[in-house]
Each structure stands twice: as C-alpha cells, then as structure tokens.
> 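Mind looking over this structure? Questions follow.
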Amino acid sequence: MEQTIKCTINAGRLWRHIEELGRIGRNADGSITRFPFTKEDLAAQTLISRYMEEAGLSVETDAAGNLIGRWTDPGCKNNPPVLTGSHYDTVLNGGRFDGTLGVLGAIEAVQTMKEAGIRPAYPICVIGFKDEEGNRFGYGMIGSKSICGIVSEEGLDSEDQDGVSLRQAMTAYGLQPEQVQTCRIAPVKAMLELHIEQGKVLEKHQKQIGIVDGIAGLVRYRIVIHGESGHAGATPMTERKDPVVAMSKWILKVTQLAKEKPFCVATVGSIQTFPGTCNIIADRVEFTLDLRSIHEQDICEIMQTMETENEWLEQTEGVCVSQHLEQRLSPVLCDMKLKEQLQKICETGEYSYMYLMSGAGHDSMNFKDVCPLGMIFVPSEGGYSHRKEEFTGKADCAAGAQVLMEVLIQQSCT
Ligand code: HGY
Ligand code: MN
Ligand code: MN
C-alpha cells in the first residue's frame with residue numbers, strides 16, 4: 001500500500017554519526033586508515049552495530065563479517081528483502097565519507113521511517129559490507145561477494161604484504177571463511193546504495209544528486225618483472241637487464257593505450273623494487289595495474305596489446321614479465337525503474353540532479369545477477385576522494401539520505 005507519510009531524516013544525527021565514525025582509524029594528518037579484520041575494523045563495527053540497535057534493527061554479523069541490521073515488520077510475511085548499505089573499510093590514508101555515508105545514511109533512513117510509524121511490506125536489511133576496497137588483500141569486496149554468493153576460493157587465498165591470506169585473516173578475526181556460502185541472501189527485491197561521487201561531475205554541474213546510470217568494469221593485476229641485479233657503477237648500460245627500465249616502458253605503453261580510449265583509465269598505484277636500494281640494479285619489480293572502462297571490450301583489447309608488449313620487452317630488455325589477475329568486475333547498468341523512481345523523487349523534492357556513470361567501483365555492482373540495483377551519488381568537494389581532503393557537506397549528506405529514504409519507502413511499501 002502507498003504510504004503517504006512525509007518524513008524527513010535527522011540531518012544532525014547523521015552528521016554526528018559521520019563525525020564519530022570518522023574518528024576511528026584517523027591518522028595524525030587527518031586521513032583515515034581502516035583496513036579489514038583489524039582493531040580499527042572491530043571498533044567501527046562495534047560503533048555501527050550500536051547505531052543499528054538504536055535505530056531499532058536486529059543486528060547480526062555473517063560468516064564474512066558483514067554487519068546486517070534487519071527490519072522485519074509482521075506485515076512482511078515471506079517477502080524478499082530490500083537491501084541497502086555500503087562498506088565501512090577505507091583505503092590507506094583515505095577519507096571519512098567513502099562507503100561510510102552509504103552505511104550511516106541507510107541507518108538514518110530506516111530509523112526515520114520507524115520513527116514516522118511506517119510499516120513496510122518488504123523487510124529492509126541495512127548492510128555494512130566488509131573489505132570493499134581490497135587494499136590489504138588484492139581480492140576486494142569479499143563482503144558483498146559473499147552476500148551475492150560469488151566468492152572465489154582463489155580470492156580467499158589472496159595475500160597481504162606479510163603473506164597472510166584473506167582466509168587466515170578472517171579466521172583470526174573470528175569469522176568463518178569456509179562458510180561464506182551461508183552469507184548469500186536470495187531472493188532480493190532491490191539493492192540501493194548511497195555513495196559520494198568521488199569525482200568532480202556533480203560539483204561542476206552544481207547538482208545535489210547523481211542518479212547513477214552504470215558502474216565501470218575493472219581489472220586489477222599484479223605484474224612482476226624479473227631482470228638481473230648488478231653493481232650500479234660497474235655495470236655498463238649496454239649490459240643491463242634492468243626491470244625498472246622495462247617497467248617504465250610498460251607503464252608508458254599501458255597509459256598511452258588508455259588515453260586513446262575515451263572511457264578508459266589506467267593506474268599504477270603501487271610499485272616495489274627489490275632489493276630496493278640506490279646502488280644496486282634491481283633484480284625484480286612488482287607493481288599493480290588498475291584498468292577500468294564502461295566498455296569491457298576496451299579492457300580486453302588493452303590487455304591483449306600488453307601481452308605483445310610483454311614479449312617485446314622480454315626480447316629487447318632481456319627481462320621476464322609475468323602478470324597475475326587479482327580482480328575482475330564487469331561493467332554493470334543500474335535498473336531503469338529504480339532510476340525513474342529516483343528521478344521522480346528528485347523532482348518532487350526539488351533536488352537538482354543529473355545522470356552519470358560511476359568510474360569508481362562499488363559493492364552494488366556484485367548484485368548485477370541478483371536483483372535490480374540503484375545508486376545515489378552526492379557531490380565530493382573538489383572531486384577529492386581516497387585522500388584526507390575527501391569532503392561532502394552536511395546538507396549534501398542529508399539530501400542523499402533523504403532521497404535514499406524515499407526510494408526505500410517506495411520499494412519496501414509497495
Ligand atoms: O576502487 C574503487 O573504485 C572503489 O573505491 N573500491
Ligand atoms: Mn573507495
Ligand atoms: Mn566506496
């Protein structure tokens with residue numbers, strides 16, 4: 001039944017929660033590092049659980065460590081749940097809005113619905129997803145992949161810098177990686193995620209709300225180039241097999257290829273040389289590639305070209321190149337009906353809005369074969385994200401949570 005109750009989220013309460021959670025994992029320079037399965041993760045999980053309980057949700061943690069706050073009204077019978085939420089881990093030295101706004105905004109939305117006496121016909125689950133970023137282990141999104149039933153055994157074996165596997169870290173944290181298939185939630189009516197844009201588009205067009213058309217696909221590789229170590233002074237340039245020189249040519253090539261394709265981005269974010277000192281020619285380098293596009297074909301073509309590049313480098317530089325795929329996510333499109341609902345909500349609520357694609361990856365993309373998915377963006381000041389300057393104002397956070405609440409009311413009450 002159509003609920004005509006008008007309710008307004010509590011902007012002050014949401015902002016207080018953002019500020020309080022933003023103090024967990026905070027570094028001296030104001031950035032935040034909250035890696036999964038760490039003491040910072042546990043502190044954040046404990047705080048968010050409290051917020052969920054205060055909102056009147058029944059809270060549980062699943063085998064993958066996802067935090068699930070469930071609202072099941074007697075009228076829901078066996079209807080499939082509407083899911084909402086995001087992640088609450090951060091990148092290294094990240095910001096305090098990426099992911100967390102989607103978790104706290106969802107809690108605020110449901111709490112306000114309850115306070116307004118709304119009676120949903122479909123259960124609502126607010127989820128704090130585990131380890132979306134994949135900064136500690138190459139395999140990201142273990143939380144949302146578990147909920148969607150798409151975790152790979154190989155992914156659980158991915159290791160951090162110290163050789164600790166994702167599986168070991170989860171077990172040490174008190175979780176049951178061997179039971180992640182029990183995390184699956186099916187059927188699901190819809191998945192809705194509120195998130196900061198992490199780019200400059202909304203700010204540039206002065207829009208309050210972004211209705212996401214789709215999310216770019218990505219591949220993440222770890223590349224290892226073996227060469228020949230030697231004395232930095234006594235080894236002539238003509239007799240070197242220097243993997244750092246080969247890597248430099250590799251990086252120039254892949255970034256050139258990405259520049260030639262309009263919706264493609266390529267990033268080498270992490271580089272390590274071994275043994276890694278100034279007067280030794282490295283014997284190996286290890287680095288990462290994060291390659292994205294809304295066209296999966298772009299990604300395939302570039303990686304095919306890089307296969308040829310690898311052979312050329314092996315012949316001309318005398319090195320050996322190996323690349324290991326750590327993560328692959330296909331581009332996904334958001335649901336047309338959800339986008340239309342969001343557009344009507346923006347027009348009725350007089351929020352300025354626009355449609356846009358997401359270059360960033362999100363937990364929602366794992367739901368592409370599970371249920372209709374919708375994403376709501378709010379502006380990132382200066383387009384900054386994944387850095388301490390990441391900021392979204394109180395009014396924008398409130399607008400995003402209000403729009404989320406209104407689409408949750410429509411999805412859960414009709
Ligand atoms: O990398 C991303 O796109 C997201 O922040 N995990
Ligand atoms: Mn992120
Ligand atoms: Mn995020």
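Counting convention: from 1, in listed order, for ligands and their atoms alike. Positions are given from 1, in the same order as the sequence printed here. Values in this document were obtained by computation on a predicted structure and should not be read as measured data.
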> Taking only heavy atoms of Glu132, which atoms of ligand 1 are found under 4.0 Å from at least one of them?
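Near Glu132, the atoms of ligand 1 are 4 (C), 6 (N).
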
> Give the residue and atom name of whichever protein heavy atom lies nearest to atom 1 (O) of ligand 1, and the separation in Å to one decimal.
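Of the protein heavy atoms, Arg292 NH2, 2.8 Å lies nearest.
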
> Could you check whether any heavy atom of His386 sits closer than 4.0 Å to an atom of ligand 1, since that is the contact criterion I want to use?
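Contact check His386 vs ligand 1: positive.
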
> Does the side chain of Glu154 come under 3.5 Å of the side chain of Tyr139 through a donor N or O and an acceptor N or O?
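Absent: no donor and acceptor within the cut-off.
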
> For a distance under 2.8 Å, tell me if His87 has an N/O/S atom near the Mn ion (ligand 2).
no

> Taking the N/O/S atoms of Asp98 one by one, which is nearest to the Mn ion (ligand 2)?
OD2

> Number the atoms of ligand 1 from 1 as they appear, then name those within less than 4.0 Å of a heavy atom of Glu133, with their elements.
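By the 4.0 Å cutoff, the relevant atoms are 4 (C), 5 (O), 6 (N).
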
> His17 vs Tyr51 aromatic rings, parallel, tilted or perpendicular, using cut-offs 30° and 60°?
parallel

> Classify the angle between the aromatic ring planes of His195 and His87 as parallel (below 30°), tilted (30 to 60°) or perpendicular (above 60°).
tilted

> Does any N or O of ligand 1 fall below 3.5 Å from an N or O anywhere on Gly359, backbone included?
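So ligand 1 has no N or O lying under 3.5 Å from an N or O of Gly359.
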
> Of all N/O/S atoms in Glu133, which lies nearest to the Mn ion (ligand 2)?
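Checking each N, O and S atom of Glu133, the shortest distance to the Mn ion (ligand 2) belongs to OE2.
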
> Please give the atom name: the N, O or S atom of His195 nearest to the Mn ion (ligand 3).
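Looking at His195, the N, O or S atom with the least distance to the Mn ion (ligand 3) is NE2.
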
> State whether a side-chain donor-acceptor pair under 3.5 Å links Asn27 with Ser31.
yes

> Do Glu193 and Ser86 have side-chain N/O donor and acceptor atoms under 3.5 Å apart?
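The answer is yes; a qualifying pair exists.
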
> Are any of the side-chain nitrogens in Glu20 or Arg16 under 4.0 Å away from the carboxylate oxygens of its partner?
no

> At less than 4.0 angstrom from any non-hydrogen atom of Ala360, what atoms of ligand 1 do you find?
3 (O)

> By the definition ring pair (Phe, Tyr, Trp, His ring centres under 6.0 Å), identify the one residue from Phe377, Phe129, Phe367 that meets it with His362.
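Of all the options given, the one that passes is Phe377.
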
> Going by the order shown, which atoms of ligand 1 are within less than 4.0 Å of some heavy atom of Arg220?
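Counting atoms of ligand 1 from 1, those under 4.0 Å from Arg220 are 1 (O), 2 (C).
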
> Any heavy atom of Gln327 sitting closer than 4.0 Å to ligand 1?
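It does not; every heavy atom stays at 4.0 Å or beyond.
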
> Is NZ or CZ of Arg136 both nearer than 6.0 Å to the six-membered ring centre of Phe35 and within 45° of the ring axis?
no

